S.K.: 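Before I ask anything, here is the structure I am working with.
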Amino acid sequence: TQLLEQSPQFLSIQEGENLTVYCNSSSVFSSLQWYRQEPGEGPVLLVTVVTGGEVKKLKRLTFQFGDARKDSSLHITAAQPGDTGLYLCAGYSGAGSYQLTFGKGTKLSVIP
Amino acid sequence: KAGVTQTPRYLIKTRGQQVTLSCSPISGHRSVSWYQQTPGQGLQFLFEYFSETQRNKGNFPGRFSGRQFSNSRSEMNVSTLELGDSALYLCASKKGADHYSGNTIYFGEGSWLTVV
């Protein structure tokens with residue numbers, strides 16, 4: 001079973017601070033995705049990274065895929081209350097895999 | 001365009017009963033997958049269907065089953081409910097068969113199941 005470990009599990013910060021969330025595995029993933037889930041809703045895809053070492057930016061969010069494709073990070077600059085939510089990383093283990101494995105998530109609270 | 005629609009949104013069942021949850025994917029999407037979300041275990045993959053064929057099944061007991069119809073709508077069924085089956089059940093759809101960049105997965109809002 002492919003496992004994705006996310007850290008930290010909980011994060012509470014003040015508006016304007018920076019933060020980084022990590023997603024690690026001992027297994028190689030063909031691609032990794034990051035989702036954000038708000039209470040009462042399903043997860044919404046933020047980004048997909050497929051190439052080792054890839055960096056993608058989405059406004060104040062920066063996503064990085066590790067060179068060995070076993071880990072990823074999400075960095076948020078100048079966090080805002082609207083960033084509050086559950087951040088989930090998920091990955092497909094191989095080209096023929098149809099099973100998306102999720103980390104348990106990082107619950108982020110941004111205090112105004 | 002309409003998103004992924006799941007029904008019912010909330011339901012309460014008694015131990016030993018069975019439940020059927022429904023998912024209507026985005027129009028044109030042929031892949032439907034199901035996930036169970038609990039505070040302790042997070043999101044866990046149940047199964048995935050493409051063009052009425054189950055392509056992959058997660059590590060869940062046989063009490064959990066599903067199917068997909070010719071119009072891509074999907075149902076999942078849980079028989080002989082246990083207290084531990086209380087969870088948010090999420091359905092997701094995507095257009096194509098593979099998971100490469102551009103084939104975005106869209107989740108529904110989920111069905112909240114409480115077993116008492």
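None of the values given here were measured: they were computed from a predicted structure.
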S.K.: Count the heavy atoms of every other residue, nucleotide or ligand shown that sit under 6.0 Å from CD of Gln54(B), and state whether that count exceeds 12.
M.R.: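 It does: Gln54(B) CD has more than 12 such atoms within range.
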S.K.: Please report the closest heavy-atom contact between Leu90(B) and Pro43(A), naming both atoms and the distance.
M.R.: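 Looking at all heavy atoms of both residues, the shortest contact is CD1-CD, 3.9 Å.
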S.K.: Which heavy atom of Leu45(A) sits nearest a heavy atom of Thr104(B), and at what distance?
M.R.: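 So the minimum-distance heavy-atom pair works out to CD2-CG2, 3.4 Å.
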S.K.: Do Val21(A) and Val47(A) sit in one hydrophobic cluster, given that two such residues count as connected whenever their side-chain heavy atoms are within less than 4.5 Å of each other, even indirectly?
M.R.: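 Hydrophobic grouping puts Val21(A) with Val47(A).
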S.K.: Which residues from residues 30-47 of chain B are near chain A, with near meaning under 4.5 Å between non-hydrogen atoms?
M.R.: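 Residues in range: Tyr35(B), Gln37(B), Gly40(B), Gln41(B), Leu43(B), Phe45(B).
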S.K.: Is there a path of hydrophobic side-chain contacts, each under 4.5 Å between heavy atoms, that joins Leu46(A) and Val110(A)?
M.R.: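 Hydrophobic grouping puts Leu46(A) with Val110(A).
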S.K.: Is the number of heavy atoms from other residues, nucleotides or ligands under 6.0 Å of Arg9(B) CZ greater than 12?
M.R.: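 Enclosed.
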S.K.: Surrounding OH of Tyr22(A) (heavy atoms of other residues, nucleotides or ligands, distance under 6.0 Å), is the total greater than 12?
M.R.: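 Count not over threshold, so no.
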S.K.: Is there a path of hydrophobic side-chain contacts, each under 4.5 Å between heavy atoms of I/L/V/M/F/W/Y residues, joining Trp34(A) to Leu108(A)?
M.R.: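 Yes; Trp34(A) is reachable from Leu108(A) via cluster members.
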S.K.: In Å and rounded to the nearest 0.5 Å, what is the NZ to CD distance from Lys57(B) to Gln99(A)?
M.R.: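 One gets 11.0 Å once the value is rounded to the nearest 0.5 Å.
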S.K.: List, by chain and then residue number, the residues other than Val44(A) in its hydrophobic cluster (Ile/Leu/Val/Met/Phe/Trp/Tyr, side-chain heavy atoms under 4.5 Å); write none if there are no others.
M.R.: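 Members alongside Val44(A): none; it stands by itself.
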